[in-house]
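One is the number of the first residue; the rest follow in order along the sequence. Side chains included, hydrogens not; waters and symmetry mates left out as well; all remaining heavy atoms used. Note that ligands are numbered from 1 as they come in the structure, with each ligand's atoms numbered from 1 the same way.
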Amino acid sequence: MRVLTGIQPSGKLHIGNYFGAIKKMVELQEEHELFAFVANYHALSGGANPKELPQNTIDIAIDYLALGIDPNKTTLWIQSHVKEVLELYWILSKYTPVGLLERAHSYKDKIAKGIAPSHALFSYPVLMAADILLFDAQLIPVGKDQIQHLEMTRDIAQKFNNDNGEIFILPQALVDENVATVPGIDGAKMSKSYNNTIEIFYETQKQLQKRCNKIITDSTPLGEPLEWEGNNVFALLKLFSTQEEIEELKKDYKSGQYGHGHFKKLLTQKMWNYFEKAREKRAYYQEHLDEVKEILNEGAKKARQIAQEKMKVVREAVGII
Ligand code: ADP
Ligand code: TRP
């Protein structure tokens, strides 16, 4: 199967990104044909800072590699290096009813948060559809928040196919129900735009501990049993624990022997260990930027080849010479 996903370079990667999308990709690359890209055109719609965007773009590519994306198995590239996507975006726009875009939750959420309601932000799902359909991707590992965008992609593809024949494959979202939405330190969905993230990479364990200490918990006094249900620290601990450990944790919560601080410390420790290899790999790639650029060039070349073939078919179907 062909699997594809993209991540916007709109800030530092957090554990929601990891458990929502990257971890699945790393697992899938063993058996499937994988495509992963850094969605830098998408980041423009959210108001990316032009001074920071180039570095953020490279950083996300490095993070992908550090977290286990293997360039020998996965095609990794920067979205803007394969321009065909913009042509397809325009062509697909013709098959996108305005009403469909008006129903997008993410658009409404973003303007509610004060992001300028530009046409780019509004038509973002069409660009995302182009990202996917251009590569005939079948499976798209994403967090729950992206399901609607996948439905829109299918709607657009269906409309196009109805008019022009079976040209696009209808993709499926792949959402891991266990980690569908990773909560942030305030209990809301962890998101770069909510300022509530725990990043994957901190310089020191102390910095990570400081962040984990900010996770909001109830005010049960020390010595009393704690509720694990609905507890943000527990929800995050689960991500780094085996089933057995989770059962133990539940008992520890109920025992009344431990306060929230204990669990925050445990979370820090587990997380720090979990990403140790990734930190080392990241340091390596930061020292070997030429290697990263080479990987991205190779990836773009491969992606471009597929994109160019697909666009020939698409152009012919819609009568563009
Ligand atoms: P953010 O909301 O932080 O800007 P993105 O929109 O760039 O994150 O998301 C990149 C990928 O990570 C998407 O597949 C998205 O569904 C996933 N993701 C982001 N936040 C979470 C979360 N809190 N829980 C699960 N998956 C998430
Ligand atoms: N819209 C996705 C997000 O904000 C990022 C993205 C862009 C994407 N294009 C994609 C994800 C194609 C999967 C497939 O998280």
Between [X] and [Y], does any side-chain N to carboxylate O distance fall below 4.0 Å?
{"X": "Lys251", "Y": "Glu248", "answer": "yes"}
{"X": "Glu199", "Y": "Arg211", "answer": "no"}
{"X": "Lys23", "Y": "Glu27", "answer": "yes"}
{"X": "Lys254", "Y": "Glu227", "answer": "yes"}

What protein heavy atom is closest to [atom], reported as residue, atom name and distance in Å?
{"atom": "atom 4 (O) of ligand 2", "answer": "Tyr124 OH, 2.8 Å"}
{"atom": "atom 8 (C) of ligand 2", "answer": "Gly6 O, 3.6 Å"}
{"atom": "atom 9 (N) of ligand 2", "answer": "Asp131 OD2, 2.7 Å"}
{"atom": "atom 24 (N) of ligand 1", "answer": "Val182 N, 2.8 Å"}
{"atom": "atom 15 (O) of ligand 2", "answer": "Gln146 NE2, 3.3 Å"}
{"atom": "atom 25 (C) of ligand 1", "answer": "Ala180 O, 3.4 Å"}
{"atom": "atom 19 (C) of ligand 1", "answer": "Asn17 ND2, 3.3 Å"}

More than 12 heavy atoms of other groups within 6.0 Å of Lys281 NZ: yes

No-hydrogen, no-angle side-chain donor-acceptor test under 3.5 Å, [X] and [Y]:
{"X": "Tyr89", "Y": "Ser123", "value": "yes"}
{"X": "Gln8", "Y": "Tyr124", "value": "yes"}
{"X": "Gln257", "Y": "Asp252", "value": "no"}

Closest to atom 13 (C) of ligand 1 (judged by heavy-atom distance), picking from Ala188, Gly16, Gly143: Gly143

For Val142, atoms of ligand 1 separated by under 4.0 Å from a heavy atom: 14 (O), 16 (O)

Enumerated ligand 1 atoms positioned under 4.0 Å from heavy atoms of Met190: 20 (N), 21 (C), 22 (C), 23 (N)

Ser191, portion touching ligand 1 at heavy-atom distance under 4.0 Å: both

Side chain, backbone, both or neither: the part of Gln146 lying under 4.0 Å from ligand 1 by heavy atom: side chain

Close approach, Leu4 and ligand 2, non-hydrogen under 4.0 angstrom: yes

Between CZ on residue Phe168 and CG on residue Leu92, distance to nearest 0.5 Å: 5.0 Å

Ile140 and ligand 2 - part of the residue with a heavy-atom distance under 4.0 Å: side chain

